**Q** 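One structure follows; several queries about it will come next.
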Amino acid sequence: MSIRVEQLTKQYESGQKAVNQISFTVEPGQIVGFLGPNGAGKSTTMKMATGYLPPTEGTVIVNGHDVRTAPMDVRRSVGYLPEHNPLYLDLYVKEYLRFAGSLHGLSESDLSRGVTDVIERVGLGLEQHKRIGQLSKGYRQRVGLAQALLHNPPVLILDEPTTGLDPNQLTEIRQVIREAGRNKTVLFSTHIMQEVEAICDRVIIINRGQLVADSPLSELRSQTDGTLTVMAEFESDLADAQALATLPGVQSVEHVASGQYRITAKAGTDLRAAIFRLAADSGLTLVGLRQQEGSLEGIFRELTQ
């Protein structure tokens, strides 16, 4: 396996345990989504896995190298994009990538070929002669992803790699990650559930530093209690949202945004027709209605609340 985490713990001087005895493995060729709410310990785990933060207890083996005893070998094996993408803003894109490649000891021929290839792969062709400081946040993320891929590492560890990307860019970068996952081990964190469903083989979820789920996506869905979730959007907030709670089978109603309600119902219930009739009878304008059964978002909420 390319990543093996064993009883990994990180405790700070304050006594807080950011990560508490978690264990998992990631095999070559797998793309694994690493999920959890803010403060769950995702970034801390990734920093320990890349050798940037020492564990308090336990260990991480990356590509056969122990982060404690062979940290430089681990770093040579990993392409890492941290949560806060550190870039030299005064350098030009191509100049920065050549600098990053030289730090990995690439020869001049490998460096020239690698920089040209990675610029094309992540869609930086039109931006390669600009200063990084002139780029939008989305294009800066592409530069960070390019430096992670540049030395062709067997393991990619990506912390929120799609932050700041627009929908078109998301599609392109998802494809880059999917292609990389064919012959690399990919562990990446994200808050975008559609992204996980689109490209992941498996999901690991941590909450308050502890592992709460580790399974293929299909198996994770089967572990739910079968409740159904409907997202209903009206033109404006309802004067009486409790009217939704009186519909047959409804268990809870949550106001999530202006005019938007998350409705949870018993398994086997189809609320769409009932909500439509309620809107028509009450003179309400219904602008959106989406029903999901066993959604990853619902599972995530169930495991981390």
Side-chain angles (χ1 to χ4, degrees), residues 1-13 16-34 36 40-88 96-111 113-115 117-118 144-161 177 180-189 201-202 204 206 209-211 214:
M1 66 258 335
S2 291
I3 302 175
R4 186 168 83 246
V5 175
E6 296 179 344
Q7 297 297 305
L8 191 64
T9 297
K10 182 61 181 180
Q11 182 169 337
Y12 294 105
E13 293 181 0
Q16 176 194 2
K17 281 189 177 179
V19 176
N20 188 7
Q21 295 188 324
I22 68 171
S23 300
F24 62 85
T25 61
V26 185
E27 304 288 345
Q30 282 191 334
I31 302 178
V32 175
F34 194 41
K42 303 186 301 298
S43 294
T44 301
T45 300
M46 289 180 154
K47 288 175 182 176
M48 288 189 283
T50 52
Y52 286 90
L53 194 64
T56 304
E57 297 176 13
T59 191
V60 185
I61 308 296
V62 178
N63 200 34
H65 306 294
D66 191 316
V67 295
R68 290 181 181 271
T69 59
M72 293 308 296
D73 289 324
V74 169
R75 292 175 188 179
R76 292 186 186 100
S77 302
V78 170
Y80 177 42
L81 175 61
E83 180 183 12
H84 302 291
N85 186 6
L87 298 168
Y88 293 106
Y96 169 74
L97 292 175
R98 289 187 62 85
F99 169 69
S102 68
L103 294 179
H104 286 287
L106 297 181
S107 66
E108 180 59 34
S109 60
D110 288 342
L111 189 58
R113 184 168 53 250
V115 168
D117 176 64
V118 80
L145 182 58
Q147 66 79 26
L149 292 164
L150 181 58
H151 59 294
N152 194 27
V155 178
L156 286 175
I157 296 180
L158 310 174
D159 197 354
E160 303 281 357
I177 295 172
R182 292 176 182 172
N183 54 19
K184 299 182 187 298
T185 301
V186 182
L187 179 69
F188 80 100
S189 70
D201 307 305
R202 182 169 135 231
I204 296 171
I206 64 172
Q210 295 185 312
L211 196 74
D214 178 3

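Not measured: the values here are computed from a predicted model.
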**Q** Using only atom types and a distance under 3.5 Å, with no angle test, would you say the side chain of S189 pairs donor to acceptor with the backbone of E160?
**A** yes
**Q** Going from CD1 on I204 to CG on D214, what distance comes out if it is rounded to the nearest 0.5 angstrom?
**A** 4.5 Å
**Q** Between K42 (side chain only) and I206 (backbone N and O only), is there a donor and an acceptor less than 3.5 Å apart?
**A** no
**Q** Which atom names give the shortest non-hydrogen contact between S2 and V155, and what distance separates them?
**A** CB-CG2, 3.9 Å
**Q** Could you tell me the separation between the CZ atom of R75 and the OH atom of Y80, rounded to the nearest 0.5 Å?
**A** 10.5 Å
**Q** Return the set of residues passing side chain to side chain contact (heavy atoms under 4.5 Å, CB included) with D73 (not counting sequence neighbours), or none when no residue passes.
**A** H65, A70, R76
**Q** Assess whether side chain to side chain contact (heavy atoms under 4.5 Å, CB included) is satisfied between H104 and L150, documenting all intermediate values.
**A** CA-CA 9 Å; H104 286 287; L150 181 58; over 6 Å; no
**Q** Quick one: which residue pairs count as a salt bridge (charged side-chain N to carboxylate O under 4.0 Å, His left out) with a foot in residues 44-71, not counting sequence neighbours?
**A** none
**Q** Could you report the tightest heavy-atom contact between G51 and V67, atom names first, then the distance?
**A** N-CG1, 4.5 Å
**Q** For residues P161 and I177, report the shortest heavy-atom separation together with the two atoms involved.
**A** CG-CD1, 4.2 Å
**Q** Measure the CG-CD distance between L103 and Q147 for me, rounded to the nearest 0.5 Å.
**A** 9.5 Å
**Q** If you take all heavy atoms of G29 and D201, which pair is closest and at what distance?
**A** O-OD2, 3.9 Å
**Q** Do Q7 and S23 have side-chain N/O donor and acceptor atoms under 3.5 Å apart?
**A** yes
**Q** Just verifying a value: how many Å separate T59 OG1 and M48 CE, rounded to the nearest 0.5 Å?
**A** 10.5 Å
**Q** Nearest 0.5 Å, what's the CE-CG distance between M46 and L53?
**A** 13.5 Å
**Q** Taking all heavy atoms of G209 and all of I22, pick out the closest pair and write down the distance.
**A** O-CG2, 3.4 Å
**Q** Taking the side chain from H151 and the backbone from V78, do they hold a donor-acceptor pair closer than 3.5 Å?
**A** yes
**Q** Can you name the nearest heavy-atom pair linking L156 to A148, along with the distance?
**A** CD2-O, 3.8 Å
**Q** Please round to the nearest 0.5 Å and tell me the distance separating atom CD of Q30 and atom OG1 of T25.
**A** 7.5 Å
**Q** How would you list, by chain and number, every residue that makes a side chain to side chain contact (heavy atoms under 4.5 Å, CB included) with P54, sequence neighbours excluded?
**A** K10
**Q** With S43, which residues qualify under side chain to side chain contact (heavy atoms under 4.5 Å, CB included), at least two apart?
**A** E83, D159
**Q** Return the set of residues passing ring-ring contact (aromatic ring centres under 6.0 Å, His included) with F34 (not counting sequence neighbours), or none when no residue passes.
**A** F24
**Q** Residues two or more places apart in sequence or in another chain: which of them pass side chain to side chain contact (heavy atoms under 4.5 Å, CB included) with Q210?
**A** N20
